[in-house]
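See below for the structure under consideration.
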There are 2 protein chains.
Amino acid sequence: MSEDGTAEGTAEEVTLGRIETEVALLMRLGEATRRATGTAEHRVLDRAAYVILRHLDSAGPQNVSALAARLNLDGSTVTRQVSAMQRDGLIARAPDPSDGRGTVVSPTPAGLHRMAAVRAARTRLYGDILADWAPADRDTLAHLLHRLNEALETRTRR
Amino acid sequence: MSEDGTAEGTAEEVTLGRIETEVALLMRLGEATRRATGTAEHRVLDRAAYVILRHLDSAGPQNVSALAARLNLDGSTVTRQVSAMQRDGLIARAPDPSDGRGTVVSPTPAGLHRMAAVRAARTRLYGDILADWAPADRDTLAHLLHRLNEALETRTRR
DNA sequence: GAAACTAACTGTACGATACAGCTATCCGGG
DNA sequence: CCCGGATAGCTGTATCGTACAGTTAGTTTC
């Protein structure tokens, strides 16, 4: 069965294979797009930095390890990431008043501003890309992606 | 306008913002999933290697630069990637008969086998994750992702 | 209050990628 | 037919994101 890498069996499997293919492709394209867009003006807001700001914005200031757990990243990665972000004035670190070991990370206005700018740019990009899509299709895509992520997330945390 | 990073204006923008959010999230989760799954047995089939095999399988043997163009990667990256894959017996290199500068890369049976195994594992994973989805929703997701990728791709190549 | 635990940081390593520079080959105009 | 510009692939080098292991300082438990 598919030793040659081509056809699958049931219709279900075909659909799953297509989803697998498209997700893999999307990740490649997304990478390429991020590389192509961000590097110029916005620098630094590469990868995790953006997601960290997004998360701080939506979930409020929090400790490094909370961030790491939430983002499925190693603590050391987050430490370095926030160090770089602090250097660039995007976040501020303060000792956690309720735990002497902890460090509370909060976004600075500049960080939020930068995040909003990147977000707006990306939203514009998607608006451009999906220009000829029916609004209903966009809605459906957003909805299904959300469900997919939820499913993936609960799966990951096990 | 969203200097604070929260609400957007029109309904269109809200949807686009959600798509942007979900795509970003998906990329993070996808990375985490790949890291969690692949590293054990299949090694080596990290990242690009899998996509390279997929592409060789579906589009046939081809030159390094054709691969690079198709995958939005630098030629040097692909060179190193296929070197590693050759070392691991996943692909074979042969001089291009029609162009003395070129090197034709083709998958080996072992490479195709490996690819099929990873693909089957991922398909199984998606089947697991999407276990309680209606077949119609899966179809729609596959379809919309495909359209999204097409749109992204034509956009990228400009 | 000592032992076990935990938060953050630091050292080190690896993988994926890009860019610049090199060599070998190709092709089109004089 | 040969010479100069283009192209294919490779190598050197740099960067970024990440992980794992170890360190230090503070916390919790008995």
Side-chain angles (χ1 to χ4, degrees), chain A residues 24 27-40 42-52 61-88 91-106, chain B residues 24 27-40 42-52 61-88 91-106:
Chain A
M27 303 221 338
R28 290 220 66 74
L29 286 172
E31 272 298 299
T33 304
R34 186 184 56 77
R35 234 182 289 281
T37 359
T39 337
H42 314 117
R43 281 290 280 104
V44 180
L45 224 44
D46 317 3
R47 271 185 181 288
Y50 177 64
V51 209
I52 288 176
Q62 57 201 277
N63 286 347
V64 171
S65 34
L67 269 176
R70 196 58 174 59
L71 303 175
N72 288 310
L73 290 175
D74 190 84
S76 64
T77 301
V78 177
T79 291
R80 281 176 237 271
Q81 206 76 35
V82 299
S83 296
M85 293 170 75
Q86 184 179 35
R87 168 174 46 73
D88 298 327
I91 56 97
R93 274 195 268 211
D96 185 340
S98 72
D99 185 338
R101 298 163 300 179
T103 315
V104 180
V105 181
S106 30
Chain B
M27 302 221 336
R28 290 219 65 74
L29 286 172
E31 272 296 301
T33 303
R34 186 185 57 77
R35 233 182 290 281
T37 0
T39 337
H42 313 116
R43 280 291 281 104
V44 179
L45 225 43
D46 318 2
R47 274 186 178 289
Y50 177 63
V51 209
I52 288 177
Q62 58 201 276
N63 286 348
V64 172
S65 34
L67 269 176
R70 198 54 173 60
L71 304 175
N72 287 309
L73 291 175
D74 190 83
S76 63
T77 302
V78 177
T79 292
R80 282 177 236 271
Q81 206 77 34
V82 299
S83 296
M85 292 170 73
Q86 185 178 34
R87 170 174 44 73
D88 297 326
I91 57 97
R93 274 195 267 212
D96 185 339
S98 72
D99 186 338
R101 300 163 298 177
T103 314
V104 179
V105 181
S106 30

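None of these values were measured; they are calculated from a predicted model. Lettering follows sequence order; numbering is per chain, from 1.
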Using a heavy-atom cut-off of under 4.0 Å over every strand shown, decide if [X] touches base, sugar-phosphate, or nothing.
X	value
B:T103	sugar-phosphate
A:D96	nothing
A:S76	base
B:G100	sugar-phosphate

Respond yes when some side-chain nitrogen or oxygen of [X] is under 4.0 Å from OP1 or OP2 of [N], and no when none is.
X	N	result
B:T79	D:dG9	no
B:T77	C:dA16	no
B:Q81	C:dT17	yes
A:R93	C:dC9	yes
B:R80	D:dT13	no

Please find the pair of heavy atoms, one from [X] and one from [Y], that lie closest to each other, and give the distance.
X	Y	value
B:L71	A:R28	O-NE, 3.9 Å
A:T79	A:R93	O-NH1, 4.1 Å
A:V104	A:P61	CG1-CB, 3.8 Å

Does either side chain, that of B:S65 or that of B:N63, offer a donor lying less than 3.5 Å from an acceptor on the other one?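 B:S65 vs B:N63: no donor-acceptor pair found between side chains.
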What distance do B:Q86 atom CD and B:I91 atom CD1 have between them, rounded to the nearest 0.5 Å?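 Rounded to the nearest 0.5 Å, the CD-CD1 separation comes out at 5.0 Å.
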Can you tell me the distance, in whole Å, between the [atom1] atom of [X] and the [atom2] atom of [N]?
X	N	atom1	atom2	answer
B:R28	D:dG17	CZ	P	10 Å
A:I52	D:dT18	CD1	C1'	12 Å
A:M27	C:dT17	CE	P	11 Å
B:M85	D:dC10	CE	P	14 Å
B:N63	D:dC10	CG	P	10 Å
A:D99	D:dT28	CG	P	6 Å
A:L67	D:dT18	CG	C1'	16 Å
B:R87	C:dG15	CZ	C1'	12 Å

For DNA chain C, whose closest nucleotide is more 5', that of A:G102 or that of A:S83?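 Nearest nucleotide further toward 5': that of A:G102.
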Has the side chain of A:R101 got a donor or acceptor atom sitting under 3.5 Å from an opposite partner on the base of C:dT6? yes
Of A:D74 and B:V82, the one whose closest nucleotide on DNA chain D sits nearer the 5' end is B:V82
